[in-house]
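In what follows, chains carry the letters A, B, and so on, assigned in the order in which the sequence lines appear, proteins first and then strands, with residues in each chain numbered from 1.
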Number of protein chains: 2
Amino acid sequence: MKRPTLAVVAARAGVSKSSVSRVINGETTVAPEIRDVVMQAVQELGYVPNAAARNLVTRRTDAVAVVVSDPPKGVVSDDPLFSTVVRTVSRELEAVGRRVVLILAESDESRARVERYVAGGHVDGVMLVALHGADPLPVALARMGLPVASFNRTAATDVPYVALDNAGGAELAVRHLLDRGRRRIATITGPLDLYESRERLEGYRAALRGTGRRSIVALGDFTRVSGAEAMRQLLEDDPDLDAVFAANDLMAIGALRALHQAGRRVPDDVAVVGFDDIEAAAYTTPALTSVRSSMADQATATVRLLLALIEGGPRKPVIMPNELVVRESS
Amino acid sequence: MKRPTLAVVAARAGVSKSSVSRVINGETTVAPEIRDVVMQAVQELGYVPNAAARNLVTRRTDAVAVVVSDPPKGVVSDDPLFSTVVRTVSRELEAVGRRVVLILAESDESRARVERYVAGGHVDGVMLVALHGADPLPVALARMGLPVASFNRTAATDVPYVALDNAGGAELAVRHLLDRGRRRIATITGPLDLYESRERLEGYRAALRGTGRRSIVALGDFTRVSGAEAMRQLLEDDPDLDAVFAANDLMAIGALRALHQAGRRVPDDVAVVGFDDIEAAAYTTPALTSVRSSMADQATATVRLLLALIEGGPRKPVIMPNELVVRESS
DNA sequence: CACCCCTCAGGGAGCGCTCCCTCACCCTTC
DNA sequence: GAAGGGTGAGGGAGCGCTCCCTGAGGGGTG
């Protein structure tokens, strides 16, 4: 049960601890015969270096904290974003030999815990997924001196981030609806304390500007339920609308359901376009047209950014491009 | 930048390192006035214990590895299961002050890395989510002597696990279809190298047994795509079928889509029942009837099991109950 | 009043590793 | 042949913490 230590391996191999350490860490200034005899001792004893002891002296952990900061029923927590981001990040870090410590910061208490944890030197860097604009965590973490990269724009302007071209993507969607000859185009926004939501709304407005069409806005909160509700509201307020741009796919899915229940045909009566192009978008009835933003690419870019920061790289934001995926709903 | 150490705090407070350590660790054998003066020094210096140093001597890490072992396009990786499990587990462990080290083991190489990692003493225990029956990881981890709990049944019979009553749930679903007067009830199975799949198929057969109805089986692999494909196959082979029990919701969603494309009305022409009751089940058109298995409860139970094992508890499997959630599709 | 016991603070070894420094040895070079 | 330089192994301090052990002091008991 008791694991062998460096000293045991050294004794077995008949060399010094230093030499074993060199071999273990792949240093090149070791004679081949020493290397071989050490390797064999390592094999025979099933030696695995003790992580804590190594961390203690090197001050590095090869671990990265991925902090998902969001209330329990918040935006990030929703399936597609969460699992795509977490999975991609995990894969990407695994590839460079780093571990992922996943932390859900869903309350002020757990946010405080995160700060203490990070201060405790458990990790070499932090990747932050905090969609809520007013989240205090980015600012707090930025102050700690540890490398921090954010999956999206935050209120902490000194935290390097990766962001989508949200306005551009929304414009793409609305222009597409205009091209299809739609005349009364509404939008369902996300919560307006999020940059994403504001920028997507801005893009919607920009596309409509100069076309003589007025904007019709309903507020959602990025959940399916809110999408359905906003859609019902819109139909009530403006029964003649013939297109909707939802600021994310989940709300678009909710909207599709509300339209179905209201007896409107999609896309014949009302065209629907979403944003994010989550996997489920291809499986709605009818299949959903959406702005493809590739969260996976965004997540990958964030990991790269963080790794670069850990290596002492520059603190430059990254903006990701979008494209429109046209399916049956428009 | 340099963080203060125990010794610095002790010097500041004018007491010994031992006393500071006792205060930090909440031992009760400390005089109140010493406690206060230490607390104040801790506050003033912003002291946070060094994790590596503590781990080194205590041999505990307060961290748990959550290993998701599955090929990249495998079962577990799909959104609902992955995010529900990971999120629930993370919350549950957070609540008891333990950290989650998330590891995706998607290849043999990364599985080997997991073993080395666990051997390195980074974690106090391992929670395993490995749906593939032939996965070698459970066996390997079980050998290491560290507490291991599995989210589901595995080939390693000595690994304590939490499992659903799969057969019972499937029976529930099929009996419900029989009650609705359906006569030709097909099933779409999951991959048959999974216990889940085999047990659900067994339940389907058990429910049909003695009713004079024959079983109609198509193979799927728990993905949406496979569900759609299997459904098309079934319609071709047996155009008169009037009900389908899909072994999970994702395949049920795929089946709904295939039925829609084939011009069959649900539930009028064909009733559909899924398994798992994922969130998306309520948002299909028509909304999906499903066996509610509560992955969240299952995940929670697994965490509890693991924590109990770490405390030296007994290695007893846990079986979770199911219920049927009837919606529009049946 | 002497003795013992109990409580609680301090001293210091030691966890397993890395990395700096020293030193032995060999090859050049004049 | 002696001096200088370079290569690579070994010795050992020290990372920051916990925890065992010692011993001081106070209170209780016969």
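The number of heavy-atom neighbours closer than 6.0 Å to CE of A:Met39, taken from other residues, nucleotides and ligands shown, is 12 or below. The number of heavy atoms from other shown groups lying within 6.0 Å of CD (B:Gln40) does not exceed 12.
Atom CG in B:Asn50 sits about 6 Å away from atom C1' in D:dG16, given to the nearest Å. Regarding A:Arg54, its CZ atom lies at a distance of 13 Å from the C1' atom of C:dC19, rounded to whole Å. Atom CD1 of A:Ile24 and atom C1' of C:dC17 are 11 Å apart (whole Å). As a whole-Å value, the separation of A:Arg3 CZ from C:dC17 P is 11 Å. Put simply, CG on A:Leu6 is 14 Å from C1' on D:dG10, counting in whole angstrom units. The distance from atom CD of A:Glu27 to atom P of D:dG10 is 14 Å, rounded to the nearest whole Å.
Judged by distance alone, with hydrogens and angles left aside, the side-chain atoms of B:Asp124 form no donor-acceptor pair with the main-chain N or O of B:Val64 at under 3.5 Å. In this structure, the side chain of A:Arg111 does not engage the main chain of A:Ser69 through any donor-acceptor pair within 3.5 Å. Under a 3.5 Å cut-off, the side chain of A:Asn152 and the backbone N or O of A:Ala163 do not form any donor-acceptor pair. Proximity of a side-chain donor or acceptor of B:Glu92 to a complementary backbone N or O of B:Arg304 within less than 3.5 Å is not detected. A donor-acceptor pair under 3.5 Å is formed between the side chain of B:Asn55 and the backbone N or O of B:Arg60. With A:Ser21 contributing its side chain and A:Lys17 its backbone, the two residues share no donor-acceptor pair below 3.5 Å.
An angle of 40°, rounded to 10°, separates the two end axes of the helix from C:dC1-D:dG30 to C:dC30-D:dG1, each defined over five pairs.
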Working note: A:Glu94 + A:Arg99, criterion salt bridge (Lys or Arg N to Asp or Glu O under 4.0 Å); need CA distance, chi angles, decisive distance, verdict.
CA-CA 6 Å; A:Glu94 160 96 6; A:Arg99 292 297 152 184; 3.5 Å; yes
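Looking at heavy-atom distances under 4.0 Å, B:Asn25 makes contact with sugar-phosphate atoms alone, never a base.
Counting heavy atoms from C-beta outward, B:Leu146 and B:Val126 have side chains that approach closer than 4.5 Å.
A parallel orientation is assigned to the rings of A:Tyr117 and A:His122, their planes being inclined by less than 30° (bins at 30° and 60°).
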In B/S/- notation, 5' to 3', how is nucleotides 8-15 of chain C contacted by protein heavy atoms closer than 4.0 Å?
SBBBBB-B
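Less than 4.0 Å separates DNA chain C from no heavy atom of any residue of residues 112-125 of chain A.
Using a 4.0 Å cut-off, no side-chain N or O of A:Ser21 falls inside it from OP1 or OP2 of C:dC17.
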